[in-house]
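Whatever order the structure lists ligands and atoms in, that order sets their numbers, starting from 1. Just so it is clear, the values below take in all heavy atoms, side chains as well, and ignore hydrogens, waters and symmetry mates.
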Amino acid sequence: MKKKPLTALITLAAIAAAATPLALSVYLARQEAIRATKDLAFSYAADVLARSEAVTDQIDVAIKRLAAAGAQDPCSAGSQALMKQIDLSSSYIQSIGYIAGNRLICSSLGSEIGGLELGPVDMVRPSGVKLRLNVEFPFARGSKFLAVERDGFVAIIHKDLPIDTTTHVSGVVLATVAYPEARVLTSRGVVEAKWATAVVAESRTFLDRDHVVAVAAPRRYYIGAVCALPVAELDKRIHALSLVMIPVGLLASMALAWAFLQLAKRRTALPAIIRCALREREFFLEYQPLVELSTGRWVGAEALIRWRRMKGEIMKPDIFIPVAEESGLIREVSQYVVDQIAAEAKELFRRFPDFHIGINLAAADLHDESTVLMLRKLAAAIGARHHCIMVEATERSFTNHGLASAVIAQLRAEGFPVAIDDFGTGYSSLSYLEKVRFDYLKIDKSFVDTINTGAATSEVILHIMEMAKSLRIEMIAEGVETEVQAQFLRERGVQYGQGWLFGKPMRFEDLMRALEASRPGMPGGPSNV
Ligand code: C2E
Ligand code: CA
Ligand code: CA
């Protein structure tokens, strides 16, 4: 990629990365404000519900007492005395009396107010209770009362009582609502019809254009409560929270942008550092044994590159190999690996002529015919037969089928075995398997990891094995870490394994030492390493 578009892309990505925490803080401030406002609205609705239940409880007890005492004559002197006593001792009941039709016959208001007209019943509740919602008395003009009638007795309460909740929000709307009729019984402020119909069996909170609404569902009586807070209350909270969260988001954004630019700088600088490291010979190899699963014998080893930076830290190939590939340095890296093997492996093939070394090649290597020459020279330099130098090619190499398959065919024709590496993890289609022949298929660690996990993906490895068998390709399982995995693979006919269970990648001297100990002087000796 040319420098300019790359810089533009990095800048764009940095801006995108930086914008994320800021956008997130704005979003979170809003979400948190909505949650807190909904909670507040619900606490008010719950309070209104509790008050209306307390009122109903008190009325219930009072009417039961009167019904018991005044069964014979509900307006007897004794009964009227009881009415007065109930009136005085009740916190919610303003008055209580006996009613016939719509007329109050006698009540705690005194005998002089007998015969007062209360007006028609507005609604009959499922419990049989009759409600008059807007009763007015000539001696208390301007005040509205609620009359609750049952069994001939009627309790009068002030309409404001159930909603007389202390709130600190101006413009709050509170209401008690009859369920299931969705009819407003008492209210403060204007109750919208859809809030009343929201009174159902479940409590809930929601945003409704200009209000944050909470609905407390009916519990012991067929009465629910509604609270609606004006959206100004929400805006106030969003503003307050934004003042705290947006600076934090801004800081995080700046930190992220900085980190991103550092990373981008490092990434663009990395090719130059790799070039320098090749010159300074900072790379070295480790070899990881490959075992025959049926015998446990070490039959070969994969060469894995390592990079010790100047400060002594080891950088993983996962990081620098892709960079070397992108920046066109991979050919030099591969040559370096081959040179390193040439320098240290001579003794290996003199002592163990059947052993093999696996070399990881990149797409660029497989698109270049000179790779064949490079391996030919290596084999000659270390005195190894061609079948002892195995090439590992990943699926990624096959994005340009034609070229890679020609080089692979030539390598195989000259006796170098070729393994398809990281099988199943690539993005390329499997069609190359029909066009290119391989000698080995390396089952990726991610599939070995699923063995005996019961995961749905654990089926995949079985399909891979079937495919390898039908194509008559020998299998090498990578990343084998447990005996259970080894047993599973062995039982299903996987020929070779590689992984920490058998041996971690090690320096060349350690590989030699382990081989010497296991098969002293014997080419292709015993199996007990
Ligand atoms: P790979 O070819 O799939 O190599 C196997 C990786 O798995 C190695 O990581 C190895 O250390 C690790 N491994 C082996 N057994 C186990 C195990 O039982 N458990 C776990 N957790 N890991 C295990 P490493 O050495 O970091 O190499 C990573 C990748 O870098 C390699 O994957 C290969 O794609 C690439 N690479 C390494 N050396 C070279 C090289 O010389 N040339 C090229 N082109 N690529 C290389
Ligand atoms: Ca490999
Ligand atoms: Ca692999």
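- At least one cation-pi condition fails for Arg204 and Phe42: the charged atom is not both under 6.0 angstrom from the six-membered ring centre and inside a 45 degree cone around its axis.
- Between the Ca ion (ligand 2) and Thr394 there is no N/O/S contact shorter than 3.0 Å.
- In Ile321, the part holding a heavy atom less than 4.0 Å from any atom of ligand 1 is the side chain.
- For ligand 1 and Gly479, the ligand atoms under 4.0 Å from any heavy atom of the residue are 15 (N), 16 (C), 17 (C), 18 (O).
- Residue contact check: Asp422 has heavy atoms under 4.0 Å from atoms 3 (O) of ligand 1.
- Within a 4.0 Å radius of atom 32 (O) of ligand 1, the protein contributes no heavy atom.
- Among the atoms of Glu392, none of the N or O lies under 3.5 angstrom from an N or O of ligand 1.
- Heavy atoms of Val337 found under 4.0 angstrom from ligand 1 belong exclusively to the side chain.
- Protein heavy atom in closest approach to atom 42 (N) of ligand 1: Asn360 O, 3.4 Å.
- Taking the charged nitrogens against the carboxylate oxygens, Lys442 and Glu395 have no contact shorter than 4.0 Å, which rules out a salt bridge.
- Between the side chains of Gln485 and Asn452, no donor-acceptor pair of N or O atoms lies under 3.5 Å.
- In Leu285, neither the side chain nor the backbone holds a heavy atom less than 4.0 Å from any atom of ligand 1.
- When distances from atom 14 (C) of ligand 1 to the protein are checked, a heavy atom turns up under 4.0 Å.
- To the nearest 10 degrees, the angle centred on the Ca ion (ligand 2) between OE1 in Glu392 and OD1 in Asn360 reads 90°.
- Looking from atom 18 (O) of ligand 1 to the surrounding protein, the closest heavy atom is Trp500 N, 2.7 Å.
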Between Tyr496 and Phe502, is the ring pair (Phe, Tyr, Trp, His ring centres under 6.0 Å) condition met? List the steps. CA-CA 11 Å; Tyr496 304 100; Phe502 312 112; over 10 Å; no
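- Note on Arg507 versus Glu286: no salt bridge recorded, every NZ/NE/NH1/NH2 to OD/OE distance being 4.0 Å or above.
- Using modelled atom types and a 3.5 Å distance limit, the side chains of Gln410 and Glu369 yield no donor-acceptor pair.
- Within the structure, the closest approach of Gln498 to ligand 1 does not fall below 4.0 Å when heavy atoms are considered.
- Distance alone, capped at 3.5 Å, places no donor-acceptor pair between the Asp444 side chain and the Gly424 backbone.
- For the 3.5 Å distance criterion, the side chains of Gln288 and Gln498 qualify, holding a donor opposite an acceptor.
- The contact set between ligand 1 and Gly499, taken as ligand atoms under 4.0 Å from a residue heavy atom, comprises 15 (N), 18 (O).
- For ligand 1, the atoms sitting less than 4.0 Å from at least one non-hydrogen atom of Pro505 are 11 (O), numbered in the order shown with element in parentheses.
- For the 3.5 Å distance criterion, the side chains of Arg331 and Ser370 qualify, holding a donor opposite an acceptor.
- Ligand-side atoms of ligand 1 in range of Lys316: 26 (O), range being under 4.0 angstrom from any heavy atom.
- Here's the thing with Gln288: one of its N/O atoms is less than 3.5 angstrom from an N/O atom of ligand 1.
- Rounded to 10 degrees, the OE2-metal-OD2 angle spanning Glu302 and Asp421 at the Ca ion (ligand 2) equals 170°.
- In this structure, His386 contributes its side chain and Glu414 its backbone to a donor-acceptor pair below 3.5 Å.
- Side-chain contact check for Asp365 and Ser334: at least one donor-acceptor pair (N or O, by modelled atom type) lies under 3.5 Å.
- Within the 4.0 Å cut-off (strictly below), a protein heavy atom is located near atom 3 (O) of ligand 1.
- Distances from ligand 1 to the non-hydrogen atoms of Glu302 include at least one value under 4.0 Å.
- Cation-pi contact between Arg492 and Phe488: present, with separation from the ring centre below 6.0 Å and deviation from the ring axis of at most 45°.
- The nearest protein atom to atom 29 (C) of ligand 1, hydrogens excluded, is given as Asp318 OD1, 3.3 Å; this is a heavy-atom distance.
- Of the protein's heavy atoms, none falls inside 4.0 Å of atom 6 (C) of ligand 1.
- Nearest protein neighbour of atom 39 (C) of ligand 1, counting heavy atoms only, is Ile305 CG2, 3.6 Å.
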Which is it for Leu234 and Val231 under the side-chain contact (heavy atoms from CB on, under 4.5 Å) test, yes or no, and what are the steps along the way? CA-CA 5 Å; Leu234 175 63; Val231 86; 4.1 Å; yes
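- Closest to atom 10 (C) of ligand 1, if we only count protein heavy atoms, is Leu304 CD1, 3.9 Å.
- At least one N/O/S atom of Asp422, from backbone or side chain, sits under 3.0 Å from the Ca ion (ligand 3).
- For the ligand labelled ligand 1, residue Lys442 lies outside the 4.0 Å heavy-atom shell.
- Residue-ligand proximity: Arg306 is placed with a non-hydrogen atom under 4.0 Å from ligand 1.
- Tyr287 and Glu344 share a side-chain donor-acceptor pair at under 3.5 Å.
- In summary, the atoms of ligand 1 found under 4.0 Å from a heavy atom of Pro317, numbered by their order in the structure, are 24 (P), 25 (O), 26 (O), 27 (O), 28 (C), 30 (O), 37 (C).
- Remark: the Ser518 side chain and the Arg297 side chain contain no N/O donor-acceptor pair separated by less than 3.5 Å.
- A donor and an acceptor atom, one from each side chain of Glu282 and Trp307, are located under 3.5 Å apart.
- Close contacts between ligand 1 and Glu481 involve ligand atoms 17 (C), 18 (O), 19 (N), 20 (C), 21 (N) [criterion: under 4.0 Å to a heavy atom].
- Looking only at atom types and distance, the side chain of Glu491 has a donor-acceptor partner in the side chain of Gln487 under 3.5 Å away.
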